[in-house]
Amino acid sequence: MWGWADPGEKVSIALDGRQVSETTADPKGKWTVSLDLSAFGQGPFEMIVEGKNRIRISDVVIGEVWVASGQSNMEFILKDAIGAEAEISRSSNSHIRQFRVERAATANVQVDCKGQWQVADPGTAGEFTAVGYYFAKSLESNLQVPVGLIHASWGGTTAEAWTEPSAFDSDADLNAGRGRALKRIAEYPQLRAEWVKAFGTWLKNTKREDTPTADTAAFAGKAISEGEWTPIQFPGVLEANNLPNAGAVWMRRQVEIPPNLAGTRLGLSFGAFDTFDSVYWNGELIHSIRFEDFPGTGFLRRGGDYVIPANKVLTGSNTLALRFFQPVTATKSAAVPKVGPIIISGKWLAKAEYALPSLSAEEAAAVPKAPAIPPPPELSPSYLYNGMIAPMLRYGISGVIWYQGESNNWRAHQYNVAFPLLIDGWRKARQQGDFPFYYCQIANYLEKKPEPGESSWAELREAQNKTLALANTGQAVLIDMGEADDIHPRNKKEAGERLARIALAKTYGKEISFSGPVFSKMTVEDGKAHLSFSITDGGLVAKPLPKEYNISTRTGVTAPLVPNSPGSELEGFAILGDNGKWVWANAMIEGETVIVWSDKVPSPIAVRYGWADNPTCNLYNAAGLPASPFRTDDLPVSTLKEKY
């Protein structure tokens with residue numbers, strides 16, 4: 001325990017009336033103690049902390065505490081998971097609790113954070129981290145002790161934002177990237193102020209200041225005449241027929257919201273534009289960006305991502321209207337627009353509000369260039385560690401569960417260094433040895449590819465595999481849980497329970513299977529590759545393939561599963577010959593070995609398994625746990641040159 005008092009103030013701690021510790025605040029007013037609770041049971045207890053004042057803390061229990069951290073798949077709450085309604089209704093359990101660390105991204109290491117403990121019940125459990133909840137539920141059931149979660153996650157964030165500051169010093173590339181980011185952050189306010197002033201002057205001098213209509217209902221309202229609107233395909237270039245190259249252009253379409261998404265906070269994304277945009281939902285303005293708010297021309301926004309408030313999302317037809325003020329040039333998007341999981345590409349309607357004359361060569365050359373946008377606080381190096389991890393690392397934790405990596409996907413190779421550095425940094429900062437650090441391997445995602453090829457997602461999974469070389473780590477493989485159109489697979493129960501298996505086996509010494517088959521070596525005999533595995537737990541198994549795979553469980557969309565190697569016992573294997581071309585291979589189980597071959601490859605050089613964004617693969621062990629994707633080659637990867 002720790003806290004603050006006057007310098008030299010005596011502090012005592014009592015549990016159920018029995019004093020368990022006493023200390024004195026240091027000259028800076030800080031105090032910390034370790035409590036011997038071996039003579040106590042699980043509670044609940046009342047704790048009294050007393051110095052010059054008296055603090056009473058009721059309903060204290062003693063048990064196992066795990067930090068649950070990462071990005072959006074850890075942030076994903078129970079009420080959005082598959083089977084949530086039934087699970088929440090039976091969630092009352094005073095031995096499962098969550099402390100949700102409030103979001104905080106800061107430049108300096110913090111000593112305190114905001115949040116509160118909540119006991120799991122039907123009124124609270126829906127807001128628990130879903131992965132963490134199922135992890136805690138499994139531990140509590142098996143260990144018969146209270147389990148607390150310290151939930152500190154933030155969607156869309158990179159590993160570097162969660163890394164302890166001094167950890168960067170051990171890698172030149174990451175440290176250089178950190179330096180560049182911090183320099184941009186420091187210089188940006190002045191550069192931005194200069195640009196806003198210069199761009200405003202340019203708009204005024206060229207008579208291109210925005211003059212928005214007062215009658216927005218004529219463009220964004222639910223009931224309007226669409227006869228004068230131009231059908232366009234979106235994404236694409238917003239310059240067609242009678243649409244101007246510059247000026248103000250509106251786009252609109254109807255979005256059908258199914259009952260299961262009504263009343264749900266939904267993200268809206270439609271790509272990055274050279275424009276200033278306003279978003280209307282059912283005729284109401286919900287977001288708007290002016291040049292004074294966000295620096296522009298060249299890259300105005302980070303991806304065009306917005307949020308539609310939950311109370312605005314109605315069942316049935318909803319009207320989405322976008323207004324683009326484009327003072328310089330026409331707007332173009334290549335991103336697939338979405339409302340939540342709903343793809344809204346295809347036919348839209350567009351109409352000009354007003355047009356601006358073409359720029360002269362002199363006017364175009366004088367457009368002030370916007371400064372490079374620094375990363376936001378939640379993506380800045382160490383900012384999330386400083387604000388959300390450092391304040392609670394002193395807590396008496398049993399270990400960490402982690403689900404992150406999607407935002408590092410585009411530079412997956414560097415994750416081989418970044419992820420271990422993150423873990424080492426947390427351990428060194430806590431100064432309690434190599435505490436358990438168990439993590440989810442990122443799930444399958446995106447469309448299935450008809451031919452073998454390179455994949456940054458596979459490279460990220462490989463980096464996660466290699467991180468198992470660190471002491472006291474474990475990996476829950478989720479290669480069979482993903483959804484093609486949703487980066488947030490909703491089967492969080494299995495994910496949490498697979499993490500719990502690792503903890504039960506490795507931390508608590510339970511006799512339980514915790515890993516799928518792990519590739520160990522390859523030999524070649526008579527034109528066939530022979531792959532050996534460890535952790536087969538009763539033998540290797542070819543799990544029957546389903547007839548369909550999930551596109552999105554939110555919308556219920558599936559697609560037929562077409563095998564890449566028809567007739568093969570195992571799917572997901574590709575083989576490389578001396579011609580340098582990967583082809584799908586046949587594979588079969590023979591004891592503790594998998595034999596891989598193809599008539600097209602008489603002399604195999606290497607084998608890959610599950611090496612794709614969204615692979616079809618079915619190698620398991622008898623415990624029902626999947627093998628992780630792997631490769632036997634060491635060829636250069638596609639993200640080799642991508643750096644932080």
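Only this structure's heavy atoms are used, side chains among them; waters, hydrogens and symmetry mates stay out.
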Legend entry - 4.5 Å side-chain heavy-atom contact, Gln414 and Asn408: no
Inset, instruction - For Asn108 and Thr106, test the side chains for any donor-to-acceptor distance below 3.5 angstrom and give the result as yes or no. - result: no
Legend entry - Main-chain N/O of His488 paired with Tyr445 side-chain donor or acceptor, under 3.5 Å: no
Inset, instruction - Would you check if Leu35 and Met47 make a side-chain contact, meaning some heavy-atom pair closer than 4.5 Å? - result: yes
Inset, instruction - Verify the distance criterion only: is there a donor paired with an acceptor across the side chains of Asn586 and Ser565 at less than 3.5 Å? - result: no
Legend entry - Pair Gln475, Asn465: side-chain N/O donor-acceptor within cut-off below 3.5 Å: yes
Legend entry - NZ or CZ of Arg427 within 45° of Phe435 ring axis and under 6.0 Å: yes
Inset, instruction - Working to the nearest 0.5 Å, report the span between CD1 of Ile479 and CH2 of Trp457. - result: 10.5 Å
Inset, instruction - Please report the shortest heavy-atom distance between Phe573 and Ala587, naming the atom on each side. - result: CD1-CB, 3.5 Å
Inset, instruction - May I ask you to decide whether Lys428 forms a salt bridge with Glu164, counting only side-chain N to carboxylate O separations under 4.0 Å? - result: no
Legend entry - Main-chain N/O of Met481 paired to Asn491 side chain as donor or acceptor, under 3.5 Å: no
Legend entry - Exercise: identify the closest heavy-atom pair between Lys449 and Asn564: O-OD1, 4.2 Å
Legend entry - Trp410-Thr639 side chain donor-acceptor pair, cut-off 3.5 Å: no
Inset, instruction - May I ask you to say whether Arg631 pairs ionically with Asp633, meaning some side-chain N is under 4.0 Å from a carboxylate O? - result: yes
Legend entry - Pair Glu160-Tyr385, side-chain donor/acceptor within less than 3.5 Å: no
Legend entry - Min side-chain heavy-atom separation Val60-Glu46 under 4.5 Å: no
Inset, instruction - Among residues two or more places apart or on two chains, list those pairs meeting ring pair (Phe, Tyr, Trp, His ring centres under 6.0 Å) that have a residue in residues 117-138. - result: Trp66-Phe135, Phe99-Trp117
Legend entry - Donor-acceptor contact present, side-chain Arg103 to main-chain Ser153, <3.5 Å: no
Legend entry - Considering all heavy atoms, the nearest Tyr644-Ser380 contact: OH-C, 4.4 Å
Legend entry - Test log, rule ring pair (Phe, Tyr, Trp, His ring centres under 6.0 Å), inputs Phe45 and Phe40: CA-CA 10 Å; Phe45 303 104; Phe40 290 82; 5.6 Å; yes
Inset, instruction - Compute whether any side-chain donor of one residue and acceptor of the other, for Tyr620 and Asp480, lie under 3.5 angstrom apart. - result: yes
Inset, instruction - List the atom of Gly610, the atom of Arg461, and the distance in Å for their closest heavy-atom pair. - result: O-NH1, 4.4 Å
Inset, instruction - Take Tyr403 and Gln441 through the test side chain to side chain donor-acceptor pair (under 3.5 Å) and record every step on the way to the result. - result: CA-CA 7 Å; Tyr403 195 155; Gln441 188 186 72; over 6 Å; no
Legend entry - Heavy-atom check, side chain of Met522 versus side chain of Val607, under 4.5 Å: yes
Inset, instruction - Drop me the distance from Thr593's OG1 to Lys521's NZ, to the nearest 0.5 angstrom. - result: 9.0 Å
Inset, instruction - Give a yes or no answer on whether the side chain of Arg430 reaches the backbone of Leu393 with a donor-acceptor pair at less than 3.5 Å. - result: yes
Legend entry - Spacing of NZ belonging to Lys79 relative to CD belonging to Glu87, to within rounding of 0.5 Å: 16.0 Å
Inset, instruction - Please name the residue in the list Thr553, Asn550, Thr558 that meets the side-chain hydrogen bond (donor to acceptor under 3.5 Å, both in side chains) test with Glu483. - result: Thr553
Legend entry - Sidechain-backbone polar pair: Gln98 side chain, Thr129 backbone, donor-acceptor under 3.5 Å: yes
Legend entry - Separation of Ile389 CD1 from Ile150 CD1 (nearest 0.5 Å): 9.0 Å
Inset, instruction - Name all residues meeting the side-chain contact (heavy atoms from CB on, under 4.5 Å) criterion together with Thr467; count only those two or more places apart in sequence or in a different chain, and write none if there are none. - result: Phe419, Pro420, Ile423, Tyr439, Leu470
Inset, instruction - Could you verify whether a donor N or O on one side chain and an acceptor N or O on the other, from Asn73 and Glu406, lie under 3.5 Å apart? - result: yes
Inset, instruction - Hey, could you give me the OG/CD1 distance between Ser138 and Ile96, rounded to the nearest 0.5 Å? - result: 9.5 Å
Legend entry - Side chain Glu592, main chain Ser534, donor-acceptor under 3.5 Å: no
Legend entry - Lys/Arg cation over aromatic Tyr438: Lys506, 6.0 Å, 45° cone: no
Inset, instruction - Looking only at non-hydrogen atoms, find the nearest pair between Lys466 and Asn416 and report the distance. - result: CD-OD1, 3.2 Å
Legend entry - Spacing of CG belonging to Leu384 relative to CG belonging to Leu379, to within rounding of 0.5 Å: 8.0 Å
Inset, instruction - Measure the shortest side-chain to side-chain distance between Trp584 and Glu571 over non-hydrogen atoms and say whether it is less than 4.5 angstrom. - result: no
Legend entry - Closest non-hydrogen atom pair between Leu78 and Ala84, with its separation: O-CB, 3.1 Å
Inset, instruction - Give a yes or no on whether the backbone of Leu625 and the side-chain of Asn621 come within a donor-acceptor separation of less than 3.5 Å. - result: yes
Legend entry - Side-chain donor/acceptor of Arg498 to backbone N/O of Val477, under 3.5 Å: yes
Inset, instruction - Assess whether atom NZ of Lys30 is packed by more than 12 heavy atoms of other residues, nucleotides or ligands within 6.0 Å. - result: no
Inset, instruction - Test side chain to side chain donor-acceptor pair (under 3.5 Å) on Ser552 and Asp486 and set out the steps. - result: CA-CA 6 Å; Ser552 171; Asp486 196 340; 4.7 Å; no
Legend entry - Side chain Glu569, main chain Ile589, donor-acceptor under 3.5 Å: yes
Inset, instruction - Measure the shortest side-chain to side-chain distance between Leu504 and Phe514 over non-hydrogen atoms and say whether it is less than 4.5 angstrom. - result: no
Legend entry - Thr158 side chain vs Ser407 backbone, donor-acceptor pair below 3.5 Å: no
Inset, instruction - Determine whether more than 12 heavy atoms belonging to other residues, nucleotides or ligands lie under 6.0 Å from atom CD of Gln144. - result: yes
